[in-house]
Each structure stands twice: as structure tokens, then as C-alpha cells.
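Ligands are counted one by one from 1 in listed order, and the atoms in each one are counted from 1 as well.
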Amino acid sequence: MKQIFAAILAIVFIVSLITVSFTYSQVENEEKRLESDIQYRSSLLAGSLKEAVEPNFINKSDIYLQDVVERFVDNQRIAGLAITDNKGTIVAVSSALPKKISEAEQVAVDVMDEGAANGSFVTVENMKMYVFASPLHDADKKSVVGSLIVVQNAGYIDTRLTDIWKDNLIRLSTQAALVSLAIFLVLRWIIFAPISNFMTSLKVNKKGVSYKNKGIINNPIFRPLFKEVADMQKNLIEARMAVTAHARVQLEKLDSPWTSERLTAFMGDVVKNRKIFVVSNREPYVHTKDGTKITYHTPASGMATAVEPIMQATGGTWIATGSGDADREVVDSNDRIAVPPNDPKYTLRRVWLTEEEEKGFYLGFSNEGLWPLCHMTHVRPIFRKENWEEYKNVNEKFAKTVLQEIKKEKNPIVFIQDFHFSLLPRLIREKRKDVTIGMFWHIPWPNPEAFSICPWRKELIDGMLGADIIGFHTQLHCNNFITTVGRELESLIDLEEFAVTKSGHTTHIKPFPISIAFSKDKVEKEELVAEDEESKRVLKSLGINSKYLALGVDRLDYTKGILERLKAVEIFLTNHKEFIGDFTFLQLSAPSRTSIKEYQDFNQKVQQEVDRINNSFKKNGWKPVVFLNKHHGHDVIYPLYRAADVCLVTPLHDGMNLVAKEFVASRNDEKGVLILSHFTGASRELIDALIINPYNAEATSDAIYEAITMKVSEQKRRMRRMRDLVRDNNVFRWSAQFFKSLVELG
Ligand code: F6P
């Protein structure tokens, strides 16, 4: 609309400019015409009068002359006549003229001096007049004896000119109104409406739905353009269909390569028209305020990194806790928003938690209780009754939201993420028998002895057993879970099928090692050069110019082994002094769960360790550790992955750890070495990393030395194998395996 009004304004402005300049020139011409007309008439009159006055001017009395001037004033445009003697003094003047008109006398004097008739416009008593004077000669025409003055009313000239302006301006306004209306209609109906229809058709076709709009196709103005785009669209649809067909052929085998398109096609075949609903605590997009602007970012979460590409490929609804300070401002009246914000593919439904709920459910029970319970890092779990009540309450709140979202769906699929929602599978199952429920536990499951310290362990396990499938990253976690169930609940356990039957419902327990999208694979040489340049730029912006770079990327969490990593760096520099000044360890740490005391203390300890190590090694402006304690986007992390000689992934315990896989995926130059903790799920797959025990700082330090001094050919050999593995086992394949099992077993 804005553009339409701008176009109208511009056109009206141009039309006005043209009309005003035309009117101006018309007025000038008319003025000239009227002035020469008045001059002509005046000289004619003066000429005929002169014939009556001149021969007898000397002899006749003033009475005669007065009689002559009165007789000739018969026309309303003639304001009057006057006769002067040769000094310019008036000797006769018609009664309509004032007796003293000095302007006229001056004109008379001038013409007598020049000896030729002339005229000029003057203003008399606020009226415009034309004064024409002609010299009178004696009988032998030799000397000037006086002058004859003709005074005409010239006011009508201005009136006429004003009328022209008025008429033209009225015409202009009418034209402007009509032109505006016409432009509005033309733009709105002939240009904007077809373009908007066209956009709709493009959007619909992008989703793979055929949309034909006759109006667009037959529009004569846009037909050639639409035809071109339609051809392109057709090619795209054909390409998509080819991919789908290819995917179908490979459907049964689940073999690689897996792509977003293949997953979309696969889901169409396996899941059919059943809608998918993902539930997690952490949302995939967080909207925040930046001054008056609203921006968004993706959180530091392995779960979100893995599930987001699946949702983009399959569509559906993701239900999660709203956590950004601008989250409420961007949702619709049903708390929904289409995401990704720049290219919507699925719906994010936000659930709002009160401060009390967040404290008890998220910070308390989930992160002070279950998190340390499942990660064996020697941090005591804290279980408080009031936190358990909030955990139950929030699980019920999410159950209500899920039930509301799936109300109109037949046989929907609900995919629940992580330890925040142990009770949710059962709560949904109790209300809707037709739902297929999958649950994925993104963190480790401890041995039964460790788990038994949780006061509400039976309720938690029973809640989970409402699912059709519970997935873990590793077989070890599946084993731990099934033994825990055997220990805690009365149920039928089938160890061959790895399934638990309780209250007539069977739940299958299976390992699904999660992964990443691995979307960037082979790149052109120029692109590699550009990526290297970007890495250099980011390093420069961080003030890092050492010869060797070691990198750590984690949430600031005590499970990630950051203190142990720092110790290893210290030992490395102590044992290999030749690297002092040439080696930097860069630790990017996204602040996490900052209102929990354990995390605050941990943050402080890391900072103290960084300062201590830097103080003992720093020299000439160089320091060994750069610790950046803030959230970094992929745009910064990716170039740093590519710049690192070594990436340190050393958690004390971790379900999978996707940083390890992201590092491998980023190394399209096949260089760099991964040092990986034996206690991560990833270490089961990435066996070409240098696998270490993070509690053994000396061994980690040796691994740093080995990595830094490793031959490029050896780096490439290892990296190539790890890349092949992550490429083949990407998150699309993970998802296909999970959903295939879910649909078959659920
Ligand atoms: O990957 C495990 C996990 O707990 C996710 O569920 C979670 O999103 C991530 O770690 C980060 O933790 P948080 O969501 O508490 O910031």
C-alpha cells in the first residue's frame, strides 16, 4: 500500500509541475495579448481624436476642448480623456477622470519630448490604468503644442489572468484526483493483486503443493514472466520428485546418504499423514529485545541442534517453554509462531512458566536433581519435595497443552525430549490411546545403584513407560535403564526384544546415537579460501595471533570437564616450553543455568583457574588462555572450528556431545585433530579422535602435544574417516531410524 501511495504522490507532483508551467506560459501570452490590444485601441482612439482636436487646438477655447473630451468618453473601458498644453498642464479633462493625474501628465511630458506617441500602465487610486499620450502639433506640423491623453481601465487584464490561474488549478485538482484513483486501481488490481497471487502460488509450490491460478496464468502483462518462473518451478518440482523417488527406493535400506529432502520424502511414506508434535523444555528459537528491536537466536543446546533440522524437514508443531524476554510479543493469540523466523517451516507453540514453576521444575528438580543424578561427575543431586511438586505440575501443564494441540488429530505422533518430561508419556497415554509416543533421553542413564537415590524414581520410570519407544544414545544407557526398571518396578522385561511391558502397554528401549545435519560437505576451492579468510578475520577480532590454536566450545557446565582441560593445558606448557608464546587455548563458554549456586561456583572456579594459568605463563602481551564467557552464534563458532589445530571435547560424562561432531563436519579441509573424552557417547563412534580420560590431565596434555605435532597426512587420514562416519550417520538418518522404529513398534 505504501508503495501505491508513493507512486500516486510522485505522479501527482509531476502532473502539477507540468500544469503550473503550462498555466504560467498561458498567462504570460494572454497578458501580452491583452496589453497589445489595449495599446492598439488607445492609439486608434487617439488618432481619430487628434484629427478633431489638432487643426483647431490653438484657436479653440477650453470650453470647446472640454466638450470634445466629454463627447468621446462613451465606452466603459475608457476611463477618460485629457488635453494638455505644451508644458504638460491639463487644459481639458473628462469628468470621470480625477482633475490631477500626475502619472498621466508625466507620460504626456515624455511623449512631447520624444515627439512620438507612447503609453504606459499606471496605478491610479488603486486601479490599474493604461495611459496613452500622443503629441499635438501646430498647423504646419512643425512644433508640438500640446498632447492628447487617453486613459483606459486596465483592471480587467489582471482579472482575466487570475481567472486563468483559477480555472487551471481547479482543472488540475480534478485531474489529480481522477489520475490518483486511476493509478490506485491500476496498481492495486492490475499489478499488485497478480503479483501477490503469484507470490502465494510460489509459496504453496515451494511446499510441494500444486497451486494453479488461472488469473495469473492469463494475465497479459505478466504472462511472459510467469511463464519463465513456472518453468523454473516445474524443474524444481521434477527434481524434488526425483529425490523422492530415489528416497523411496532406498527406504527399506536406510542406507546413506541422508538429506533433509530424503527425510521429508521418507516421513511422507512412513509417517503418512500423521502430524508430528515435538515437546522439549528448551525452545529452538529465542526472541530477545535489543533496545527497541526484537532479535532472535538459537540456544546452546545439543538437543535443539539435533531436533531443529528434523522439524524443518518434516514440519509439524514444536511445544516448548518460552524463555526470551520478547517471546510473548511475537506469538499469536494461541501462543504460536511460525519458525524459522526468516523461512517458516513449522510451528513453535510456546508454554509460559511462572517464576515458581521455573524454579521448582527447571532449576530445582531437573537441573539440581536429575542432571547430576544422571551425570556421574561427583556433584551431589539435590532432591526437594517442593521441586518435585513443581516438576509434576509442569509436566501436567505440558500434557494439557499437548492434548489441546493434538485434539483434532487422528493417530498423532508425539516426540518428547529429555529428562524434563519423564512423566509426560504416561500423562498423555492415559488420555489418548491412539497417540504414538516416542521419547529421547539426551543425557546418560546411570547404573541402578546411582539412580536409586532419587526419592521419586518409581514415578519417573513409570511416567516414561507411557512411551512406545525410549531412545538413548548408547547401548550402555539402554542396559542401565532396563536394569533400573527391573530393580524398581513390577513389569515384564523381554531382554531379547529389549522391551518392558507394564499395565498392558509395551515400551521398547533402543539406542539411537544422535547426530548433526552435516549440511556443508564438498566445497569449491574458492569457498575454502573464503572460509579460511573468515577464520583469520574472527581470530584477529579476538586478538589471537598464535601459531597454534586449541579450542573448547561448551555450555559453562561442570559436566564438561573445563577445569580438567585447563589443567591439561598448564601441564602441556610446563612440559613443552617451546610452545610458550606460540600456543593459545581458546575456551568459548555459553553461560548456562546461572541462577543455580553450583553453576555460579563453577564459573568462579574456571575464571580463577584461567587467571592463575595466565599469570604464570604470560609474556610480552601473550597469554595462553582466552576465556570468552558468553553465548556465541554459529557464525563465530564455525570459523573458529576451522581455524583450530585441535578441538578439546573433554566432558567428565556426556550423553553424546555434538560439539565433537560439529568440529568434524566443519573441517572440509580435512585438517585438525579432535581430542575426545572416553565418557562421551561420541567416543563410541569417533574412534579416530585422540581418546582420553579427562580425569588424567597428564594424558590429556600428551594428547595436546600429539595433536599439535601430528603430520598433516595423519590428520587427514583420521579426519576423513570421522567425516565419512558423521556424514553417513547424520541427524536425518537418526531421525529416519527413530521414526521408522516408532511407527513399526508403536
Ligand atoms: O542436551 C541435554 C540438554 O539438557 C538439553 O536438553 C538442553 O537443551 C541442553 O542440554 C542445554 O541445557 P539447558 O536447556 O538447560 O540450557
Side-chain angles (χ1 to χ4, degrees), residues 278-286 288 297-311 318-324 327 348 350-351 353 357-377 379 381 387 391 394-395 398 415-422 424 439-446 464 470-474 477 512-516 553-560 562 588-596 598-600 602-603 629-632 649 651-662 679-682 731 734:
V278 163
V279 187
S280 72
N281 172 60
R282 183 61 62 204
E283 57 180 344
Y285 292 94
V286 184
T288 50
H297 68 267
T298 51
S301 155
M303 180 281 301
T305 306
V307 179
E308 155 71 4
I310 304 169
M311 285 305 276
W318 185 331
I319 303 163
T321 307
S323 57
D327 272 3
L348 170 61
R350 284 178 171 144
V351 177
L353 298 188
E357 286 170 338
E358 198 200 331
K359 209 167 145 234
F361 154 76
Y362 172 69
L363 297 169
F365 197 79
S366 299
N367 288 327
E368 286 188 297
L370 292 179
W371 181 264
L373 178 76
C374 292
H375 289 90
M376 287 175 292
T377 57
V379 171
N387 290 348
Y391 186 84
V394 172
N395 269 254
F398 268 80
F415 185 23
I416 300 166
Q417 311 301 315
D418 240 344
F419 57 100
H420 309 92
F421 295 115
S422 308
L424 197 51
M439 177 169 212
F440 195 81
W441 196 263
H442 289 260
I443 61 174
W445 189 276
M464 291 170 75
I470 302 173
F472 293 95
H473 292 299
T474 66
H477 299 154
F512 297 95
I514 207 165
S515 195
I516 54 163
V553 179
D554 309 85
R555 279 185 308 104
L556 196 53
D557 193 301
Y558 53 80
T559 60
K560 302 293 179 187
I562 299 171
L588 303 184
S589 286
S592 180
R593 306 168 186 172
T594 46
S595 18
I596 298 175
E598 195 66 42
Y599 283 77
Q600 291 164 358
F602 181 69
N603 183 359
N629 187 5
K630 66 172 202 157
H631 181 86
H632 289 90
V649 180
L652 305 180
H653 202 189
D654 212 334
M656 172 53 69
N657 196 300
L658 293 182
V659 167
K661 293 190 174 179
E662 281 184 345
F679 302 112
T680 59
V731 78
W734 175 85

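Using a 30° and 60° split on the angle between ring planes, Trp734 and Phe415 fall in the tilted class, from 30° to 60°. Using bins of under 30°, 30° to 60° and over 60° for the plane-to-plane angle, the ring pair His653/His375 lands in the perpendicular bin. Ring geometry for His473 versus His442: interplanar angle over 60°, hence perpendicular rather than tilted (30 to 60°).
Here the two rings, on Phe361 and Phe421, have centers that are under 6.0 Å apart.
Protein residues are said to neighbour a ligand when one of their heavy atoms lies under 4.0 Å from it; for ligand 1 these are Arg282, Ala300, Ser301, Met303, Tyr362, Trp371, Asp418, Phe419, His420, Ile443, Arg555, Arg593.
For the pair Arg593 and Trp371, the cation-pi criterion (under 6.0 Å, within 45° of the ring axis) is fulfilled.
Of the possible donor and acceptor atoms, one in the side chain of Asn657 sits under 3.5 Å from a partner among the backbone N and O of Val659.
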